[in-house]
Amino acid sequence: MSGTAPGTTQVPAPEHQEARGCLYALSQPPLMLFLSVIATLLLLAAVHDLYRW
């Protein structure tokens, strides 16, 4: 008798799990939306400072 319960199978572990880096993180829509909002606010603040009397 093997050490597993009847009706279950053992799934082999993945040999190499691919590391996800910065480009994968930047491809996520919520992060890109957040970064674009922050960039827009910074741009508006810079333009406001340039053209303020």
Side-chain angles (χ1 to χ4, degrees):
M1 177 175 249
S2 66
T4 60
T8 60
T9 59
Q10 289 184 350
V11 178
E15 292 179 12
H16 174 67
Q17 194 171 17
E18 194 173 318
R20 294 179 174 171
C22 184
L23 290 179
Y24 174 77
L26 285 177
S27 69
Q28 302 305 308
L31 179 62
M32 287 305 293
L33 182 64
F34 173 74
L35 291 177
S36 62
V37 168
I38 297 299
T40 303
L41 290 175
L42 288 172
L43 179 68
L44 288 175
V47 169
H48 180 267
D49 281 346
L50 283 175
Y51 294 108
R52 187 176 50 153
W53 294 101

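When a residue number appears, it is its place in the shown sequence, counting from 1.
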(request) Check which hydrophobic residues are tied to V37 through side-chain heavy-atom contacts below 4.5 Å, counting indirect links as well, and list them. (result) L41
(request) Could I get the full list of side-chain contact (heavy atoms from CB on, under 4.5 Å) partners for L43, not counting sequence neighbours? (result) V47
(message) Once rounded to the nearest 0.5 Å, what's the spacing between atom CG of L44 and atom CG of D49?
(response) 11.0 Å
